[in-house]
Amino acid sequence: MTNTIFHGTIIRKEGIQYKVNLDTGTEISYVANATSFNVNIGDRVVVSFIGYNNKPVITNVYNKTNNGDIDCRSIEKITKISKSGLIDTYKINYNKPPLESFFTVTNGQDGVDGKGYPVLTSVTSNTISGLGTYTFTVSKNQNEVSYAVGDIIKIQAINSTFVYIIGRITSYTNRTLVINVSYANNSGTFNNWNIGLSGERGELSDMVNLIYPIGSPFFSFLIDEDPNIRFPGTNWVRIEENTYLVSAGPDLVGMTPIGSNNKTLTVSNLPNHNHSGSISSVSLTTNSNGSHTHKGYTNQVYQSGTNRTGFWNSGGEESASTFTQSSGEHTHSINTHGHNLTINSNGSGGAFDNRPKSLAIYMWRRIN
């Protein structure tokens with residue numbers, strides 16, 4: 001068997017037992033002397049905790065030599081050799097004579113098994129929304145378990161390990177259990193719970209202030225967790241849905257709202273551009289106008305035996321070209337007309353989504 005061994009000094013005799021101040025600083029009373037030595041106040045001793053009840057016994061005594069050094073026997077083994085009723089007998093083996101000694105330990109009667117603290121369940125529908133009082137109908141009557149008013153318990157949603165409350169039982173009658181919650185982790189409505197013992201939750205304020213100073217963000221990817229509940233005593237506001245974060249600097253002060261998720265373009269947003277068009281060919285016909293005639297003179301002469309007809313000038317000489325008689329100036333008119341050119345419009349002017357590829361998360365900002 002394994003035994004726990006300590007060293008200490010006898011500070012008082014208590015009947016046939018002793019009070020020992022262990023080197024760890026702990027004082028223990030009713031220590032039996034299991035050695036064959038006489039022990040006195042001030043003696044240095046070895047104390048072992050053995051047996052069913054871990055009863056402390058003196059299993060060795062130090063003897064001082066002339067030069068003040070400590071010289072003692074070492075325990076090699078402690079063995080339980082017999083049991084008679086409630087009395088157990090042990091043998092100690094040493095490395096120096098006397099090589100062995102015996103002692104007995106009287107055990108107490110086994111107590112009645114307690115009711116214990118089994119895990120309770122509840123199917124009560126409850127909405128966890130912060131601190132306060134919550135009532136549950138649980139799986140066992142109060143007289144079947146050891147849970148009592150004042151015990152600290154933890155009630156956790158079976159379907160979500162992120163949602164639980166911690167607090168003290170203020171009432172437990174039949175199967176109705178009431179808890180005053182001192183800490184709530186997340187929120188939500190559930191109807192399936194596990195209930196068990198818990199310790200008092202430690203103070204988190206210093207750590208919270210270190211990790212989340214005022215102005216810090218709080219992000220959660222999967223659970224819409226309210227940090228006002230997670231960190232009692234702090235105040236947080238939700239960052240507006242569909243808001244994107246951008247780095248601030250000298251030209252963009254923190255908390256300055258900018259941009260829009262949807263944008264409608266105006267003419268000034270369009271790049272410089274042109275449109276082309278075409279007109280099909282047409283045929284034009286002028287009106288007839290200025291009906292007139294021209295006169296010319298011809299003479300027929302005989303020259304060298306040949307009759308010739310031609311234009312002659314006023315001197316009676318044949319001329320190569322002769323003007324006809326003028327009949328006056330005239331004009332032609334074309335009816336005036338026009339062409340209409342239409343370029344079709346396109347587009348409806350609707351807004352478009354201006355967001356980059358993104359991942360939605362829950363975001364909060366601490367304000368106090």
Within the distance-only criterion (no hydrogens, no angle test), does the side chain of Thr243 pair as donor or acceptor with the backbone N or O of Glu240 below 3.5 angstrom?
-> yes

Indicate whether any N or O donor in one side chain lies under 3.5 Å from an N or O acceptor in the other, for Asp226 and Asn228.
-> yes

Val57 and Ala34: which non-hydrogen atoms are nearest, and at how many Å?
-> CB-CB, 4.2 Å

Scan side-chain atoms only and decide if Thr127 and Ser129 contain a donor-acceptor pair under the 3.5 Å cut-off.
-> no

Considering non-hydrogen atoms only, spot the tightest contact between Thr189 and Ser125 and give its length.
-> CG2-OG, 3.9 Å

Where is the tightest heavy-atom contact between Lys13 and Gly15, given as atom of each residue plus distance?
-> CE-O, 3.1 Å

CD1/Ile16: more than 12 non-hydrogen atoms of other groups inside 6.0 Å | no

Taking all heavy atoms of Ile152 and all of Gly199, pick out the closest pair and write down the distance.
-> CG2-O, 3.7 Å

Sorted by chain and residue number, the salt bridge (Lys or Arg N to Asp or Glu O under 4.0 Å) partners of Asp224 (sequence neighbours excluded) come out as Arg238

Check step by step if side chain to side chain contact (heavy atoms under 4.5 Å, CB included) holds for Phe218 and Arg366.
-> CA-CA 8 Å; Phe218 176 82; Arg366 184 178 176 186; over 6 Å; no

Ignoring hydrogens and angles, tell me if any N or O in the side chain of Ser220 forms a donor-acceptor pair with the backbone of Ile223 under 3.5 Å.
-> yes

May I ask you to test the Thr59-Tyr90 pair for a side-chain heavy-atom distance under 4.5 Å?
-> no

Give a yes or no answer on whether the side chain of Gln142 reaches the backbone of Tyr147 with a donor-acceptor pair at less than 3.5 Å.
-> yes

Side chain to side chain contact (heavy atoms under 4.5 Å, CB included) between Phe102 and Ile81: does it pass, once the steps are laid out?
-> CA-CA 9 Å; Phe102 300 87; Ile81 60 174; 3.8 Å; yes

Should the ring pair Phe231 and Tyr212 be called parallel, tilted or perpendicular, given that the plane angle runs from 0 to 90° and is split at 30 and 60?
-> tilted

Do any N or O atoms from the side chain of Lys140 and from the backbone of Leu120 form a donor-acceptor pair under 3.5 angstrom?
-> no

Under 4.5 Å between any side-chain heavy atoms of Glu225 and Trp364, yes or no?
-> no

Heavy atoms of Val253 and Thr256 approach each other most closely as O-OG1, 2.6 Å

Partner residues of Asp151 under the salt bridge (Lys or Arg N to Asp or Glu O under 4.0 Å) criterion, sequence neighbours left out = none

ILVMFWY network linking Val163 to Val138, side-chain heavy atoms under 4.5 angstrom = yes

Arg168 side chain to Gly150 main-chain N or O, any donor-acceptor pair under 3.5 Å?
-> yes

Begin with the C-alpha distance, continue with both residues' side-chain angles, and end with the deciding distance and a verdict on side chain to side chain donor-acceptor pair (under 3.5 Å) for Arg12 and Asn21.
-> CA-CA 9 Å; Arg12 187 168 64 243; Asn21 182 20; over 6 Å; no

Side chains of Glu100 and Thr79 in contact at under 4.5 Å (non-hydrogen atoms) = no

Indicate yes or no: at least one non-hydrogen side-chain atom of Thr121 is less than 4.5 angstrom from one of Asn194.
-> yes

Is there a side chain to side chain contact (heavy atoms under 4.5 Å, CB included) between Arg175 and Asn141 once you walk through the steps?
-> CA-CA 5 Å; Arg175 293 176 55 206; Asn141 285 314; 2.8 Å; yes

